[in-house]
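Read the structure below first, then the notes.
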Protein chains: 2
Amino acid sequence: MVTRGEDGVSAEKREVILKAIEELNYRPNVLARSLVERRTRILGVMISDLRNPFFGGVVSGIQGRAAELGYRVLFNTGDRQRELEEEAIESFLDLSVDGLVLASPRVDDEFIARAGHSVPIVVLNRNTIDDLSDSVTNDNIAGARLAVEHCVSFGHERIAFISGGDSAAAQVRREGYLRAMREFDLADDILIVEGVHTEEGGFRGARELLKMKSLPTAVFASNDLCAIGAMNALEEAGLTIPDDLSVVGYDNTTLAALRHIDLTSVDQPGNVMGRSAIDRIAERINGERLTPRHDVVAPSIVVRSTTGPPPDQRKGVTPSTKPIENTSHLNGSE
Amino acid sequence: MVTRGEDGVSAEKREVILKAIEELNYRPNVLARSLVERRTRILGVMISDLRNPFFGGVVSGIQGRAAELGYRVLFNTGDRQRELEEEAIESFLDLSVDGLVLASPRVDDEFIARAGHSVPIVVLNRNTIDDLSDSVTNDNIAGARLAVEHCVSFGHERIAFISGGDSAAAQVRREGYLRAMREFDLADDILIVEGVHTEEGGFRGARELLKMKSLPTAVFASNDLCAIGAMNALEEAGLTIPDDLSVVGYDNTTLAALRHIDLTSVDQPGNVMGRSAIDRIAERINGERLTPRHDVVAPSIVVRSTTGPPPDQRKGVTPSTKPIENTSHLNGSE
DNA sequence: ATGAAAGCGCTAACAT
DNA sequence: ATGTTAGCGCTTTCAT
């Protein structure tokens, strides 16, 4: 009672006990408490890729909101491998965490559904099919459309897409790209090369692009890491960005905001999404809601200096006077 | 016995039990087991700054080695704040983890010593004073010397240092800078501006530098983030790197290797250090060693394109023909 | 090889 | 207000 700050003890005795606790360096056994209380007040968070700076904002949001609600948070990662993700999640289930946040997981829907029987789950940036888990996503379809639209507004038509591999968000962004291209009557210009959500993935994707007989004038990469890798490959091939080719990324990570990169990118608010995830978990834990909820937050586009008009529309324009829209250098995704 | 793969059960019975486990979706209660076994097989890892890509390599190393040794790993971060770090660590102690890795912590020595009474601790990139905890560091004195020596080899004399704030590694790097400057008879050229181990910190530090009447010809920043922030400020002020000013970072993160940044940086092998940390923990857990051990790994310098000769030694050299030493673009710290 | 019993450190329910 | 007891789900020890 004393250790939990409850009443039912006289003030004098309380003092004695507290002193004894101090002296003996006593620490209540959380394991034993959790065993009998049947809850741990711990939330598990599985981050698919700790190296992707996008998750930095997500982590902050999760930590902040969890602390406000009195939960402890523990993190784990699957290092972009499905099997390791499964282990990480099993680990949390073994620990009997009270709730689970899965950030861009690549495990099966079935796996999530099964885990959902043991504990409330919120999935970030991916939809879930079962009735037990919630999701918080950014509208990747709309985000991809923003990217394409931005290029179109400059006059681009041949806009290629470097895909993001097997992640769920990547699939939706690809679909968003396809839809947007059709919407703008550019169905014939659709061009997709396969990539991965890493710098290496973007690098390879761009190399594929460079093999083609005629290059696109703009490239939309499935995330910032991928876009940066692509830029490396393109510039290594002697191309100038954005004069020869425009590049758009996704996530608006701190990387994109670096002056040396200054990448136009679709922004998704990781911090807000992290906070929402914790709110959804708390609702489930408290039994305040039994039906699934799927939050979708709106993306926006942050225009920096990697996008501009296509080459054929800037004849006579000298590089030094070309228009550069360049906003918010330091405005990362947090 | 069955769940632990032990013998002492007949094969037929075992099969029956395993089938029942499957059907009932039974999951052994790790909490109860840990309560009685007095160990959790869980290692806690507190990372001071999840946003710093240097720790990506550390995390991989830790995960890999821990998995090999049969430990589960859980991560937590203090988000660069001492108090949050303490909470994160308390959290792990409450959980009764079997071991604790603290990566570049900013908590007090006393705090670490106290925690060391409950559980084996290995501290990364910082020395510990007590007899109960071990440490794995890179030789920051030697690393700082490498940075200064590299500049000196180009002919630089006025080499400034942008400090890294209150982190332990930052203090040692500062000391290493001072020693190296004296060693190369450049004591009169010592110039330190205060920074922090973030992009913002480097940006501000460089702004301080820019206020001075005469600029240094080289800047050694306490880590890569800091160096990149400094480069932003310097280039915004119209300076060209490395023609007007050379820049060296520390950590050789994936950021430094980005083609658009291509930063000369002192490399410390995060992956190796992470693996060593787990080995030290395991030794302590198994009671194989009772005396503290302090591993020091040697840093190296990766030369890229942000360093070159000082302006006064390249008269008549046109920018296009200036020598650029540029190695290992994609050789990050992992 | 199998069963029964004790106890890890705590909370909750009941008794004093 | 305080003391006592049972039991959370497991492992370990001792009997069978």
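Order of the sequence lines fixes the chain letters, A, B, ..., with proteins taken first and strands second; residue numbering starts at 1 for each chain.
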Dot-bracket pairing map - DNA chain C, Watson-Crick plus G-U, both contacts under 3.5 Å, | cross-strand: .||||||||||||||.

Worked verdict on B:Leu95 versus A:Leu95 for side-chain contact (heavy atoms from CB on, under 4.5 Å): CA-CA 10 Å; B:Leu95 235 185; A:Leu95 235 185; 3.6 Å; yes

Side-chain ion pair, B:Asp279 and B:Arg289, N-O less than 4.0 Å: no

What side-chain donor-acceptor pairs closer than 3.5 Å can you find for residues 113-125 of chain B, not counting sequence neighbours?
{"unit_1": "B:Asn125", "atom_1": "OD1", "unit_2": "B:Asn138", "atom_2": "N", "d": "3.3"}
{"unit_1": "B:Asn125", "atom_1": "OD1", "unit_2": "B:Asn138", "atom_2": "ND2", "d": "3.3"}
{"unit_1": "B:Asn125", "atom_1": "ND2", "unit_2": "B:Gln268", "atom_2": "OE1", "d": "3.0"}

CD (A:Glu90) with more than 12 external heavy atoms under 6.0 Å: yes

d(CZ, B:Arg33; P, D:dT11) in whole Å: 4 Å

Check: A:Asp108 side chain, A:Phe111 main-chain N or O, donor-acceptor pair, under 3.5 Å: no

More than 12 heavy atoms from other groups under 6.0 Å of CD on B:Glu37: yes

Polar contact flag, side-chain donor to acceptor under 3.5 angstrom, B:Thr198-B:Arg80: no

Interface limits on DNA chain C, where chain A has a heavy atom under 4.0 Å of a nucleotide atom: C:dG9 to C:dA12

Integer-rounded Å distance: D:dG7 P and A:Asn29 CG: 21 Å

Nearest-angstrom distance from the residue atom CG of B:Leu35 to P of D:dT12: 13 Å

Atom pair distance, as rounded to whole Å: CZ in B:Arg38 and P in D:dT12: 12 Å

B:Pro28 side-chain proximity, nearest of D:dC10, D:dT11, D:dC8: D:dC10

Donor-acceptor side-chain pairing of A:His294 and A:Thr137 below 3.5 angstrom: no

